[in-house]
Amino acid sequence: MYLLLLSLNFDVILIASSHVRREGDTTVDHPACLVKIDDCQYLVDVADGYCSSRIPVNLNGDLVEDVNFSYKVANDGHQYTLKIKENDEWKDRYIFNLKPKTIEYFKNEFTGSTTEKIFNEIIFLVNTTTVEKKVIFDKRFICFNGKEKRTTDIDENCFQEIIRTHFGVPENLIPIHFQKLLP
Ligand SMILES: *[C@@H]1O[C@H](CO)[C@@H](O)[C@H](O)[C@H]1NC(C)=O
Ligand SMILES: *[C@@H]1O[C@H](CO)[C@@H](O)[C@H](O)[C@H]1NC(C)=O
């Protein structure tokens, strides 16, 4: 997301956020993007799994309403907190500050972690629109449409075709380590 926004000439920095768990413990830093447009700063983070807002969240506290949750950012003068409302209850999702981080910084956090395997050895692609969500995870193609979920095992011969047609990834942009996994 960060690299995409950069390549589209957005004024963007990468920041580190810590998820707030029930006990208030800290977790491995989660990367997110801050984008500056005119004089406003927005949190842009479509990689927070099930909790991701598809709409940028203004750091000024404006409320954002997406399909499943509402979002807002609070600032106590020291740090920012992303808050998510689910079932009429606001919960702290993660805390962050405005210090720019590098990709290198996250590489160190990531190397050897349990998520490393998922991203380095398994194909994981997501295409979310307002009406449906399509996911390739490992060798499965999963389609969500409203409350419906359809899972199909991908025939090896169809892999390239599915990646191209449902995820818009042209052949010359499929990363090298993907090609290794592809038949
Ligand atoms: C909203 O929730 C449904 C049901 O849990 C889920 O399938 C869908 O992916 C969610 N939408 C987004 C944009 O996250
Ligand atoms: C994502 O899926 C939608 C249809 O659900 C499709 O119109 C769109 O082209 C897909 N996006 C890409 C990047 O392929």
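One-based numbering, in listed order, for ligands and for the atoms of each. Just so it is clear, the model here is predicted, and its values are computed rather than measured.
- Protein neighbours of ligand 2 below 4.0 Å, counting non-hydrogen atoms: Asn127, Thr129, Glu132, Lys134, His166, Phe167, Gly168.
- Between the side chains of Asp45 and Tyr94, at least one donor N or O sits under 3.5 Å from an acceptor N or O.
- Relative ring orientation between His19 and His30 is described as tilted, the plane-to-plane angle lying within the 30° to 60° band.
- Applying the ring-ring contact (aromatic ring centres under 6.0 Å, His included) test to pairs two or more places apart or on separate chains, those with a residue in residues 70-92 are Tyr80-Phe96.
- Annotation: Phe69 is in aromatic contact with Tyr50 [ring centroid separation under 6.0 Å].
- Residues that satisfy the side chain to side chain contact (heavy atoms under 4.5 Å, CB included) test with Ser7, not counting sequence neighbours, are Leu4.
- Under the ring-ring contact (aromatic ring centres under 6.0 Å, His included) criterion, Phe137 pairs with Phe124, not counting sequence neighbours.
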